[in-house]
Amino acid sequence: MIVTVGEYRFEVILEDNATTAELIKILEDGPIVIDMKDYSGFEKVGSLDRSLTRSDKQTTTHSGDIVLYNGNNIVIFYGSNSWSYTRIGRVEDLSDWEKALGSGDVTVEFSVGE
């Protein structure tokens with residue numbers, strides 16, 4: 001999966017679970033663009049137009065993690081948090097990650113890689 005924020009593009013290593021399988025199936029029909037709100041200075045949160053299968057587990061997230069929250073919210077982290085989430089994937093190359101996400105709200109495109 002690819003996450004695009006403005007001019008920045010990041011490759012996501014996906015988890016092997018039902019949630020990511022559902023998300024990739026949706027993305028095969030075209031990219032999803034989500035307006036994401038900054039929350040507490042460590043994550044961006046945005047709503048999907050539908051719910052996905054959840055397998056929430058208490059976890060500690062780190063910068064680059066992408067998770068599902070409450071079944072219909074995508075959360076991308078540029079900091080750390082401990083909560084109950086379903087893991088979607090992780091950006092490994094964090095070059096420009098914090099620069100791309102900035103300090104306010106952002107628009108993020110999720111798509112499948114070529």
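Side chains included, hydrogens not; waters and symmetry mates left out as well; all remaining heavy atoms used.
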Close side-chain approach of [X] to [Y], heavy-atom, < 4.5 Å:
{"X": "Thr60", "Y": "Ser80", "value": "yes"}
{"X": "His62", "Y": "Arg90", "value": "yes"}
{"X": "Val12", "Y": "Ile2", "value": "no"}
{"X": "Ile88", "Y": "Glu15", "value": "no"}
{"X": "Thr19", "Y": "Arg87", "value": "no"}
{"X": "Glu43", "Y": "Asn81", "value": "yes"}
{"X": "Tyr78", "Y": "Lys44", "value": "yes"}
{"X": "Ser111", "Y": "Met1", "value": "no"}

(request) Assign the ring pair Tyr39 / Phe42 to parallel, tilted or perpendicular, where the plane angle (0 to 90°) is split at 30° and 60°. (result)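 Answer is perpendicular, since the angle exceeds 60°.
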Pairs of donor and acceptor atoms involving the side chains of residues 22-35, under 3.5 Å and at least two apart or interchain, shall be tabulated with distances.
| from | atom 1 | to | atom 2 | distance (Å) |
| --- | --- | --- | --- | --- |
| Glu22 | OE1 | Thr53 | N | 3.1 |
| Glu22 | OE2 | Thr53 | OG1 | 2.2 |
| Asp35 | OD1 | Thr107 | OG1 | 2.8 |

(request) Might you work through the side chain to side chain contact (heavy atoms under 4.5 Å, CB included) test for Met36 and Val5, ending with a clear yes or no? (result) CA-CA 10 Å; Met36 303 189 86; Val5 185; over 6 Å; no
So if you build clusters from Ile, Leu, Val, Met, Phe, Trp, Tyr with side-chain heavy-atom gaps below 4.5 Å, do [X] and [Y] land together?
{"X": "Val106", "Y": "Phe110", "value": "yes"}
{"X": "Leu14", "Y": "Tyr69", "value": "no"}
{"X": "Val108", "Y": "Tyr8", "value": "yes"}

(request) Apply side chain to side chain donor-acceptor pair (under 3.5 Å) to Thr20 and list each qualifying residue two or more places apart in sequence or on a separate chain. (result)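 So Thr20 forms a side chain to side chain donor-acceptor pair (under 3.5 Å) with Asn17.
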(message) Can you tell me how far apart CD (Gln58) and OH (Tyr85) are? Round to the nearest 0.5 Å.
(response) 9.0 Å
(request) Can you measure from OG1 (Thr86) to CD1 (Ile66) and round to the nearest 0.5 angstrom? (result)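 These two atoms lie 14.0 Å from each other.
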(request) Give the intermediate values and the outcome of side chain to side chain contact (heavy atoms under 4.5 Å, CB included) for residues Ile74 and Leu48. (result) CA-CA 7 Å; Ile74 300 286; Leu48 293 169; 3.8 Å; yes
(request) For atom CD of Glu11, decide whether the heavy atoms of other residues, nucleotides or ligands shown that lie under 6.0 angstrom number more than 12. (result)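 It does not: Glu11 CD has 12 such atoms or fewer within range.
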(message) Tell me the closest heavy-atom pair linking Leu94 and Val91, and the distance in Å.
(response) CD2-O, 3.4 Å
(message) Please give me the minimum heavy-atom distance between Asp56 and Ser84, naming the atom from each residue.
(response) CB-OG, 3.3 Å
(request) Measure from the side-chain N and O atoms of Thr4 to the backbone N and O of Arg9, and report whether any donor-acceptor pair falls under 3.5 Å. (result) no
(request) Answer with yes or no whether the side chains of Ser47 and Asn72 bring together a donor and an acceptor at under 3.5 Å. (result) no
Considering only distance and modelled atom types, tabulate donor-acceptor pairs under 3.5 Å from the side chains of residues 96-105, sequence neighbours left out.
| from | atom 1 | to | atom 2 | distance (Å) |
| --- | --- | --- | --- | --- |
| Trp97 | NE1 | Phe77 | O | 2.8 |
| Asp105 | OD1 | Asp38 | N | 2.9 |

